[in-house]
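For reference, positions follow the sequence shown, starting with 1.
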Amino acid sequence: FYSAYEEFYSMAANSEAFKAYCKDAFGADFSQDGFSDLNQINLILSYIPNSDNLHILDENGNEATELILDHTVLSIPENAFRSCKSITKITIPDSVTSIGYGAFKDCTGVTDVYIFDPNIWCKILSDDSSVNPVAYEDNLHILDENGNEVTEIVLDNTITAVPEGAFMGCRSVTKITIPDSITSIEEYAFKDCDGLTEIIITSSITDIGDYAFSFCNELKTVCYTGTVAEWEQIDIGAGNSCLREANIRFNYGKHIPGDLTGDDKINSLDGLMLLRHLNGWNVNAASPDAMDVNSDGKVNSLDGLILMRYL
């Protein structure tokens, strides 16, 4: 590098043509000090337009379509890959803990994004959800240590909110567990998770944003640790019909003998559900243990008799 610089410096100092070019182009002679004057450098930079396209080339000079960052990368700077329109796939390792503003802005060709740790991903997006390279109709893939797609997301107690659009388009996931540290699920958080069939939500949730579960058409079961009354207090935004229409199992994880509906009451509906179960019907009890009325580890006619006598 040094020898190349010296060669250029010598040319700049001795070339009349270069001097004339500088004066015509920039109104100043830059040849005398080899561009060491910061004011001159800044003046030159002001003539360089912001590019609408970033091109990443492979070893053969062809445009790359896949961006794979390795574990030496700890953060992605602002505007790092802005307007890189040829990229269709992005892999972000779990060593990355921050993404700068505009890092993937206008990367309009992206269709698939690969990450490894959903908890780290939530923390990154909690600072600024706009840095998420996943756009509408894109696909988010969460990989395990062997590079296989996971089917279950388990968030830990270091997360207090699921950020906007955090797991949008994560189509391989079938089950999600939300811990009691989380109070808010923001808008579009699980949009287009069209393989999702079950979610566990704790009674700590106070609001669910607009379209958080839109197009989760396979969502059948919501396991809610709270009561019916607590569920009704949650502020659930628009576009969440998939969530509202799912079978909600109240008091999930709690054993209240005889309360099959999970509404904190034991009434004729509980008795009807138990009788149907004993007659071979498929019954979705809020807690399966609630059918074991006498808590002997079995569900049989004796449980039905005890419940009927109670009623």
Rounded distance (nearest 0.5 Å) linking atom [atom1] of [X] with atom [atom2] of [Y]:
X: Ser203; Y: Asp180; atom1: OG; atom2: CG; result: 7.5 Å
X: Leu260; Y: Leu272; atom1: CG; atom2: CG; result: 10.0 Å
X: Thr206; Y: Glu230; atom1: OG1; atom2: CD; result: 12.5 Å
X: Met273; Y: Met291; atom1: CE; atom2: CE; result: 8.0 Å
X: Leu54; Y: Cys84; atom1: CG; atom2: SG; result: 4.5 Å
X: Glu152; Y: Ile142; atom1: CD; atom2: CD1; result: 11.0 Å

- Task: Assign the ring pair Trp231 / Tyr224 to parallel, tilted or perpendicular, where the plane angle (0 to 90°) is split at 30° and 60°.
- Result: perpendicular
- Query: Which of parallel (below 30°), tilted (30 to 60°) and perpendicular (above 60°) describes Phe81 and Phe104?
  - Reply: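 Geometry flag for Phe104 against Phe81: parallel rings.
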Please check: side-chain N/O of [X] versus main-chain N/O of [Y], any donor-acceptor pairing under 3.5 Å?
X: Thr88; Y: Thr65; value: yes
X: Asp270; Y: Asp259; value: no
X: Asp58; Y: Gly61; value: yes
X: Arg82; Y: Cys107; value: no
X: Ser214; Y: Lys191; value: no
X: Glu186; Y: Pro163; value: no
X: Asn119; Y: Asp156; value: yes
X: Asn132; Y: Ser129; value: no

- Greater than 12 external heavy atoms within 6.0 Å of Glu149's CD: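 It does: Glu149 CD has more than 12 such atoms within range.
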- Whether over 12 other heavy atoms sit under 6.0 Å from Phe116 CZ: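 Yes, enclosed.
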For residues [X] and [Y]: do they belong to one hydrophobic cluster (side chain heavy atoms under 4.5 Å, members Ile, Leu, Val, Met, Phe, Trp, Tyr)?
X: Leu67; Y: Val131; value: yes
X: Ile120; Y: Val113; value: yes
X: Phe215; Y: Met168; value: no
X: Val150; Y: Ile115; value: yes
X: Leu69; Y: Leu125; value: yes

- What side chain to side chain donor-acceptor pair (under 3.5 Å) pairs are there with at least one residue in residues 300-311, not counting sequence neighbours?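 Applying side chain to side chain donor-acceptor pair (under 3.5 Å) to every pair that reaches into residues 300-311, excluding sequence neighbours, yields nothing.
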Min side-chain heavy-atom separation [X]-[Y] under 4.5 Å:
X: Cys242; Y: Asn217; answer: yes
X: Ile159; Y: Lys123; answer: yes
X: Val173; Y: Phe190; answer: no
X: Phe213; Y: Asp192; answer: no
X: Ile182; Y: Pro179; answer: yes

- Message: Using a strict threshold of under 4.0 Å (side-chain N to carboxylate O), is an ion pair present between Asp194 and Arg171?
- Response: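 Salt bridge flag = yes for Asp194 with Arg171.
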- Carefully, step by step, assess His277 and Asn282 under the rule side chain to side chain donor-acceptor pair (under 3.5 Å). CA-CA 6 Å; His277 171 76; Asn282 183 25; over 6 Å; no
- Message: Do Asp207 and Ser184 pair up side chain to side chain, a donor and an acceptor below 3.5 Å, judged on atom types alone?
- Response: yes
- Task: Evaluate side chain to side chain contact (heavy atoms under 4.5 Å, CB included) for Val222 paired with Tyr252, printing each intermediate quantity in order.
- Result: CA-CA 9 Å; Val222 176; Tyr252 179 75; over 6 Å; no
- Partner of Ile208 by side chain to side chain contact (heavy atoms under 4.5 Å, CB included), out of Ile234, Asp235, Val162: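 It is Ile234; the other options fail the test.
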